[in-house]
Amino acid sequence: MTEDEAVDEELLTIGAFAARARLSAKALRLYDRLGLLVPARVDEASGYRYYRAEQVERARTVALLRQLDMPLARVAEVAGAPDGAAAADRLAAYWADVETRVAGQRALAEYLRGRLSGRSSGMSEKFVVETVDVPERVVVAETRHVLADELPVWIGSALGRLETAARECGGVTAPPFVVYHAEVSPESDGPAEACVPVGDEAAARAWLAREGRTRATSVRVEPAQRLAFTRITKAQVAHPQILAAFEAVEEWIARAGLEQAGPCREVYFADWEAAGAGDPVCDVAFPVR
């Protein structure tokens with residue numbers, strides 16, 4: 001018996017391995033291409049893949065993770081963990097993300113059932129709408145086309161950059177806000193505009209000239225206006241609660257005989273990181289006349 005024959009006796013063909021792992025040969029070839037399950041040997045002449053029996057456990061683990069609808073990139077993270085405890089932690093983190101997403105989808109489905117059936121979901125009735133007069137103010141701003149899943153990260157980073165810039169522009173003079181010039185959703189990318197009111201217009205324009213427009217930054221004067229708004233908690237910023245908040249303000253505006261005078265906005269007046277789920281953090285607002 002040659003050395004190669006001895007090696008071959010220790011290996012399983014892709015068909016035999018697929019049967020043991022309860023996977024298809026097609027799946028095994030995909031996992032190989034993605035680096036999730038690399039064959040122990042590939043014949044240079046024929047291209048046939050061979051696997052060791054001890055790889056069956058990894059193959060079954062990968063298959064089970066895929067049954068959780070886990071994206072292949074996350075499967076690679078779990079399967080590539082240095083030990084079982086780390087793999088379990090990575091799986092737990094993924095599943096926590098899934099449960100958060102499903103909870104949001106469940107609430108959105110209930111909200112949509114109410115709308116489609118013509119009955120009230122009760123969500124919009126929870127919001128108290130008021131008006132406030134806002135004076136003219138200078139803002140430094142950053143505009144971006146952004147999809148809904150990118151929005152939270154972008155808002156935090158954009159407002160952070162603008163608040164840093166505000167130190168050179170007379171300081172922050174009012175709560176920062178985000179203006180939605182068009183719909184932001186999983187399919188529509190706005191644009192959205194992050195704004196921070198500042199105290200010195202000349203200094204702000206000098207900052208803009210010095211820093212350039214690499215991030216679609218701008219300086220503008222926000223006119224004096226009246227806002228119709230409702231105050232929401234940190235938990236209510238999530239979908240679909242925030243959708244209901246916007247609709248509650250729109251319905252109130254119509255009942256009050258007013259007109260929308262500009263794009264909707266979110267005004268962030270609290271420390272987001274320090275706030276608890278039930279703490280007020282944001283005003284959902286529309287300019288009105």
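Along the sequence shown, residues are numbered consecutively beginning with 1.
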Polar side-chain atom of Tyr94 near backbone of Leu68 as donor-acceptor pair, under 3.5 Å: yes

Min side-chain heavy-atom separation Arg226-Pro287 under 4.5 Å: no

Stepwise side chain to side chain contact (heavy atoms under 4.5 Å, CB included) check, Arg220 with Val140: CA-CA 7 Å; Arg220 62 182 177 81; Val140 290; over 6 Å; no

Single-linkage hydrophobic cluster Val139~Tyr268, side-chain heavy atoms < 4.5 angstrom: no

Heavy-atom donor-acceptor pair, Thr230 side chain to Val128 backbone, under 3.5 Å: yes

Same apolar cluster (I L V M F W Y, side chains within < 4.5 Å links), Met70/Leu34: yes

Joint cluster assignment, Val249 & Val134, ILVMFWY side-chain distance < 4.5 Å: no

Under the ring-ring contact (aromatic ring centres under 6.0 Å, His included) test, residues paired with Phe229 that sit two or more places apart: none

Test log, rule side chain to side chain contact (heavy atoms under 4.5 Å, CB included), inputs Val284 and Ile242: CA-CA 8 Å; Val284 168; Ile242 197 165; 4.1 Å; yes

Intermediate values then yes/no, salt bridge (charged side-chain N to carboxylate O under 4.0 Å, His left out), Glu273 and Lys234: CA-CA 10 Å; Glu273 296 300 328; Lys234 186 174 182 177; 5.5 Å; no

Rounded distance (nearest 0.5 Å) linking atom CD1 of Ile253 with atom CD of Gln260: 5.0 Å

side-chain hydrogen bond (donor to acceptor under 3.5 Å, both in side chains) involving Trp95 - partner list, sequence neighbours excluded: Glu99

Nearest-0.5 Å distance, CG of residue Asp283 to CD1 of residue Ile232: 8.5 Å

Nearest-0.5 Å distance, CZ of residue Arg33 to CG of residue Leu72: 10.5 Å

Non-neighbouring partners of Ser46 that pass side-chain hydrogen bond (donor to acceptor under 3.5 Å, both in side chains), sequence neighbours left out: Asp43

Val132-Phe269 co-clustered via ILVMFWY side chain contacts under 4.5 Å: no

Thr233 side chain near Val281 side chain, heavy-atom distance below 4.5 Å: no

Nearest atoms (heavy-atom pairs only) where Pro82 meets Ala86: CD-CB, 3.8 Å

Pairs flagged by ring-ring contact (aromatic ring centres under 6.0 Å, His included) wherever residues 51-78 is involved - sequence neighbours left out: Phe17-Tyr51

Partner set under side-chain hydrogen bond (donor to acceptor under 3.5 Å, both in side chains) for Asp89, not counting sequence neighbours: none

Trp252 side chain reached by Phe127 side chain, heavy atoms, under 4.5 Å: no

For the student: nearest non-hydrogen atoms of Leu23 and Ala59, plus distance: CD1-O, 3.7 Å

Contacts of Arg22 that satisfy salt bridge (Lys or Arg N to Asp or Glu O under 4.0 Å) - sequence neighbours left out: none

Neighbour count >12 (heavy atoms, 6.0 Å) for atom OH, Tyr48: no

Listed partners of Arg144 passing salt bridge (Lys or Arg N to Asp or Glu O under 4.0 Å), at least two apart: none

Contact check, side chains of Glu136 and Val221, non-hydrogen atoms, under 4.5 Å: yes

Interatomic spacing from CD in Gln225 to CG in Asp133 - rounded to 0.5 Å: 10.0 Å

Between CD on residue Glu250 and CZ on residue Phe286, distance to nearest 0.5 Å: 4.0 Å

Minimal non-hydrogen separation, Cys169 against Ala203, with atom names: CA-CB, 3.9 Å

Side-chain heavy atoms of Glu259 within contact of Val288, under 4.5 Å: no

Side chain to side chain, Val138 and Val219, heavy atoms closer than 4.5 Å: yes

Nearest heavy atoms of Val56 and Ala21, plus distance in Å: CG1-CA, 4.2 Å

Heavy-atom pair with the smallest gap, counting every atom of Gly190 and Val184: CA-CG2, 3.7 Å

Side chain to side chain, Leu28 and Leu37, heavy atoms closer than 4.5 Å: yes

Leu258 reachable from Leu227 in the ILVMFWY side-chain graph, under 4.5 Å edges: no

With sequence neighbours excluded, residues passing ring-ring contact (aromatic ring centres under 6.0 Å, His included) with Phe177: none

Separation between CZ of Phe246 and SG of Cys264, rounded to the nearest 0.5 Å: 4.5 Å

Side chain to side chain contact (heavy atoms under 4.5 Å, CB included) between Leu91 and Leu65, intermediate numbers included: CA-CA 9 Å; Leu91 173 57; Leu65 292 172; 4.1 Å; yes

Exceeds 12 heavy-atom contacts within 6.0 angstrom, atom CD of Glu54: yes

Heavy-atom side-chain proximity of Glu183 to Asp189 below 4.5 angstrom: no

By side-chain hydrogen bond (donor to acceptor under 3.5 Å, both in side chains) - contacts of Asp200 (at least two apart): none

Any residue meeting salt bridge (Lys or Arg N to Asp or Glu O under 4.0 Å) with Glu168, in chain and number order, not counting sequence neighbours: Arg210

Which atom of Ala248 lies closest to which atom of Val129, heavy atoms considered: O-CG2, 4.0 Å

Sequence neighbours left out, cut at 3.5 Å: what donor-acceptor pairs do the side chains of residues 147-162 make with other protein atoms?
| residue | atom | partner | partner atom | Å |
| --- | --- | --- | --- | --- |
| Glu150 | OE1 | Leu147 | N | 2.9 |
| Trp154 | NE1 | Glu142 | OE2 | 3.4 |
| Ser157 | OG | Val153 | O | 3.1 |
| Ser157 | OG | Trp154 | O | 3.1 |
| Arg161 | NE | Glu142 | OE1 | 3.2 |
| Arg161 | NH2 | Glu142 | OE2 | 2.7 |

Glu193 and Tyr180: side chain donor to acceptor below 3.5 Å: no

side-chain hydrogen bond (donor to acceptor under 3.5 Å, both in side chains) contacts in which one or both residues fall within residues 55-79, not counting sequence neighbours: none

Test: Glu222 and Arg137 ion pair at under 4.0 Å: no

